[in-house]
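Residue numbering restarts at 1 for every chain, and letters A, B, ... go by the order of the sequence lines.
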Amino acid sequence: MSAGPGEPGPTGTAPSPTWCVLGRSDGGRTALVMLDAEGAPLRSEYAAPEGLAALVGRVERESSPRWVLSDAAAWCPRLLSAGVTLQRCHDLRLVHRILRHSELVRDPAPLRAATAWDTPLDPHEPVRDTGATLFDLDAAPSRSGAVPSDLEETLAEFARQRTAIDGAQDPARLRLLVAAESAGALIAAELQAAGIPWDVAEHDRILSAALGPRPSPGTPPRRMVETGAEVREALGDPLVPLDSAPKLLRALHRAGIDVASTSQWELKEHQHPAIAPLLQYKKMSRLLTANGWTWLDEWVHEGRYRPLYVPGGVVTGRWASSGGGALQIPRQLRPALRADPGWLLVSADVSQLEPRVLAAMSGDRAMIAAGAGRDLYSGIVEAGVVSTRQEAKIGVLGALYGGTTGDSGRVVPRLRQTFPDAMRLVDDAAATGERSGTVTTWLGRSSPAPDEEWIRAQRAAHQVDAPAGARERARRAARDRGRFTRNFVVQGTAAEWALSWMAALRLRLAGFPAVPEPEAAAPSGPVFSRRAHLAFFLHDEVIVHAPAEQAEAAAAAIRDSADAAGRLLFPGSPIDFPLDLTISERSAQT
DNA sequence: TACCGTTGCGCG
DNA sequence: AAAGCGCGCAACGGTA
């Protein structure tokens, strides 16, 4: 494929482009290069910075091509702030990172040589906080550590990626992965633009109830002071600094509490009057430092919490986030997630996503049957494998994570008998990892190769004269890696399912009719104040913020999308993905 | 003053 | 020291 941006398009009725490549051109302009399905150029258009969003919006309305973007995270904010959303894209930065490692790609050498595209996203890069205003006059993305965005390089990389995908072992799967990953890039940009509707007053109520009223800056809240005093009283030491683990540990020892660390899990095992208030104090301290009033001031503005989502930020393909710990919002604060007046939150999470994904991947009939139409763990109990749901859960998690001791170590062998196909899949993945091999998800994302230090240690341990210590360390490192690859195939495939779910949902919601503009314009801006939209995503859970009259339809869209994702990844499989779904003003009851 | 490793804990 | 995967973040305490 070679595209000359200046080539004239055919006269008469222009054929509809399949792709539209955005790239920085000369004179500060941006080029839009339309390509047909084979990647041959049809025609080009150019936009000055101030006209870019309008032109992209027009092309999107006229022919909704798949947009080829060097980096959606860099291009989307300016488009979104101008009210332009894209239906579909191909994110070169994210796709490059998948393809250069994927075992399905037969010849990754050209991609690996294009090192400029291997720039990881720095999650602390601030451009998306300020970009829309600072760079308004700039036609192209601009941020440090960015991948190339000029037209020539963009077209060249797109050609490399198409060649890699077309020649891959299973192009159809890889195309699903590329589409899902790219949809994720659009969704992440839109989630940040929309923000999570956040009730500051409710958050403050929760904090005050737990900690006492908001103190003046620099002083601890009243209930923490009181509880801290109880701890020091019980320890008989009025000066223990409770926030310093080493000093607290020594004070615990002096009081005769024999613990190896100050972690709550260990403290719980001991009987001493200081334990209960100390555990309470730790809870309060965590809430204050992680999500206290300072967090509220820093992260919530105009009723919206806007974290930065980082698609592909985790090796397995899960998203990471940056900014206020979006993926770690404590359940305690969920009631602060609150719909705008006249709107509702539709929250849905998938029950036992990872074991279901494993059942589908391995085609394990018994495991699929155990989860059919019900709670998977209860199904395992009813199959007679274990006697309680808790045991079933611990056993399944042990299977997914590689547990060998305790309860999970006892239950896993029984699961191996009952669900041989599922267990073989994860056991094989672990064995491959221990042998330094690479494993691959259902759609084609491969685990990273072990690092040099790991390989060196394994090689050294296999020498005849290897010291016992080195041998044991190498064994442990091998088992560690085995647990990683064991989990990689499941966690990674679950991430692919979740992306497919959201991608389907996003397109359905985009088709909802616009509702009348509210009297006071919503703070999330025109794009997201007119119809139901995604507001939150957390691995196996979505929250849609919807006008009240669209809530039921949004709930149906969420369910339909989950079914669609299951059929897309596992066509013909009887596996189902049941949801827990609620519609309410708040995302959780107080 | 800036940076770094460790500890501890929140989420799935 | 959470039995076993993946993360982000704040605080401490030491070092440059």
Side-chain angles (χ1 to χ4, degrees), chain A residues 123-124 220 241-249 258-270 278-279 281-292 294-295 298-299 307-334 349-355 357-358 391 393-412 415 426 429-430 433 439 441 445 447-448 476 479-495 497-498 536-542 580 588:
Chain A
H124 299 101
L242 300 177
D243 299 313
S244 165
K247 290 171 183 162
L248 174 59
L249 186 61
D258 181 28
V259 286
S261 81
T262 65
S263 72
Q264 51 181 316
W265 306 102
E266 196 172 3
L267 290 171
K268 274 186 189 137
E269 303 303 314
H270 289 79
L278 178 55
L279 290 174
Y281 180 89
K282 281 171 155 286
K283 285 262 179 259
M284 289 191 269
S285 169
R286 166 77 194 185
L287 180 61
L288 178 69
T289 57
N291 299 99
T294 311
W295 182 92
E298 187 177 357
W299 292 108
L308 178 64
Y309 294 91
V310 186
V314 178
V315 275
T316 58
R318 272 190 176 182
W319 286 12
S321 77
S322 155
L327 307 185
Q328 307 139 251
I329 298 297
R331 303 209 70 89
Q332 192 182 5
L333 285 181
R334 281 303 187 87
D349 68 276
V350 194
S351 312
Q352 306 100 30
L353 174 59
E354 290 193 356
V357 158
L358 172 59
E391 264 187 302
K393 183 172 178 176
I394 286 173
V396 168
L397 293 182
L400 298 180
Y401 297 159
T404 54
T405 60
D407 292 340
S408 93
R410 270 198 310 282
V411 177
V412 170
L415 294 179
V426 283
V439 295
T441 61
R445 189 188 306 261
S447 64
R476 208 171 55 220
R479 282 196 300 270
D480 288 349
R481 186 157 195 283
R483 286 193 303 277
F484 166 64
T485 52
R486 168 191 293 273
N487 186 245
F488 182 95
V489 291
V490 180
Q491 186 181 119
T493 303
W497 185 93
F536 186 59
F537 169 59
L538 182 53
H539 306 316
D540 63 355
E541 173 185 4
V542 296
D580 266 339

Could you check which nucleotide pairs with C:dG4 in any of the strands shown, counting Watson-Crick or G-U wobble with both distances under 3.5 Å?
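Its partner: none found.
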Review point. If the P atom of B:dC4 is compared with that of C:dG4, how far apart are they to the nearest Å?
Key: 30 Å
Write down the distance separating the C1' atoms in C:dA1 and B:dT7, rounded off to the nearest Å. 12 Å
Distance check needed: [N] [atom2] versus [X] [atom1], whole Å only.
{"X": "A:Leu400", "N": "C:dA3", "atom1": "CG", "atom2": "C1'", "result": "14 Å"}
{"X": "A:Asp349", "N": "B:dG12", "atom1": "CG", "atom2": "P", "result": "9 Å"}
{"X": "A:Leu288", "N": "C:dC9", "atom1": "CG", "atom2": "P", "result": "18 Å"}
{"X": "A:Asp243", "N": "B:dC9", "atom1": "CG", "atom2": "C1'", "result": "14 Å"}
{"X": "A:Arg410", "N": "C:dA3", "atom1": "CZ", "atom2": "P", "result": "14 Å"}
{"X": "A:Gln328", "N": "C:dC9", "atom1": "CD", "atom2": "P", "result": "6 Å"}
{"X": "A:Leu415", "N": "C:dG4", "atom1": "CG", "atom2": "P", "result": "17 Å"}
{"X": "A:Glu269", "N": "C:dA2", "atom1": "CD", "atom2": "C1'", "result": "10 Å"}

Quiz item: Taking C-beta and beyond as the side chain, do A:Asp243 and A:Tyr281 meet within less than 4.5 Å on heavy atoms?
Solution: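 Of all side-chain heavy-atom pairs linking A:Tyr281 with A:Asp243, at least one is under 4.5 Å.
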Heavy-atom side-chain proximity of A:Leu279 to A:Leu267 below 4.5 angstrom:
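They are in side-chain contact.
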Quick one: is [N] close enough that its OP1 or OP2 comes under 4.0 Å of any side-chain N or O from [X]?
{"X": "A:Arg286", "N": "C:dA11", "result": "no"}
{"X": "A:Thr316", "N": "C:dC5", "result": "no"}
{"X": "A:Arg318", "N": "C:dC7", "result": "no"}
{"X": "A:Lys282", "N": "B:dC9", "result": "yes"}
{"X": "A:Lys283", "N": "B:dC9", "result": "no"}
{"X": "A:Gln264", "N": "B:dG10", "result": "yes"}

inquiry  = Can you work out whether A:Ala290 or A:Thr405 has the more 5'-proximal nearest nucleotide on DNA chain C?
reply    =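 It is A:Thr405, whose closest nucleotide lies nearer the 5' terminus.
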Categorize [X] for me: base, sugar-phosphate, or nothing, with a 4.0 angstrom heavy-atom threshold over every strand shown.
{"X": "A:Gly324", "value": "sugar-phosphate"}
{"X": "A:Gly409", "value": "nothing"}
{"X": "A:Leu353", "value": "nothing"}
{"X": "A:Ala260", "value": "nothing"}
{"X": "A:Val315", "value": "sugar-phosphate"}
{"X": "A:Gly406", "value": "nothing"}
{"X": "A:Thr262", "value": "sugar-phosphate"}

Between the base of B:dG10 and the side chain of A:Arg331, is one N or O donor paired with an acceptor at under 3.5 angstrom?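 No, the side chain and the base share no sub-3.5 Å donor-acceptor pair.
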Problem - Side chain A:Gln491 and base C:dG6 donor-acceptor under 3.5 Å - result: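 Looking at the base of C:dG6, it does not pair with any donor or acceptor on the side chain of A:Gln491 (distance under 3.5 Å).
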Nucleotide of [options] approaching [X] most closely (side-chain heavy atoms):
{"X": "A:Ala320", "options": "C:dC7, B:dG12, C:dA3", "value": "C:dC7"}
{"X": "A:Thr289", "options": "C:dG6, C:dA11, B:dG12", "value": "C:dA11"}
{"X": "A:Trp265", "options": "B:dC11, C:dG4, C:dA2", "value": "C:dA2"}
{"X": "A:Val314", "options": "B:dC9, B:dG12, C:dC7", "value": "C:dC7"}
{"X": "A:Ser408", "options": "C:dA3, B:dG12, C:dG8", "value": "C:dA3"}
{"X": "A:Leu538", "options": "C:dG13, C:dC7, B:dC11", "value": "B:dC11"}
{"X": "A:Ser244", "options": "C:dG13, C:dA2, C:dG6", "value": "C:dG13"}

Item checked: Heavy-atom donor-acceptor pair, A:Ser322 side chain to A:Leu308 backbone, under 3.5 Å -> no
Enter the distance from A:Arg286:CZ to A:Asn291:CG here, rounded to the nearest 0.5 Å.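 Answer rounded to 0.5 Å: 7.0 Å.
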Gap separating the OG atom of A:Ser447 from the CG atom of A:Asn487, nearest 0.5 angstrom: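 Between A:Ser447 OG and A:Asn487 CG, I get 11.5 Å after rounding to 0.5 Å.
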**Prompt:** Is a salt bridge present between A:Glu541 and A:Arg331, judged by a nitrogen-to-oxygen distance below 4.0 Å?
**Reply:** no
A:Glu266 bridged to A:Lys282 by N-O distance under 4.0 Å |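 A:Lys282 and A:Glu266: not salt-bridged.
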Apply side-chain contact (heavy atoms from CB on, under 4.5 Å) to residues A:Lys283 and A:Gln264 and explain how you reach the verdict.
CA-CA 9 Å; A:Lys283 285 262 179 259; A:Gln264 51 181 316; 3.4 Å; yes
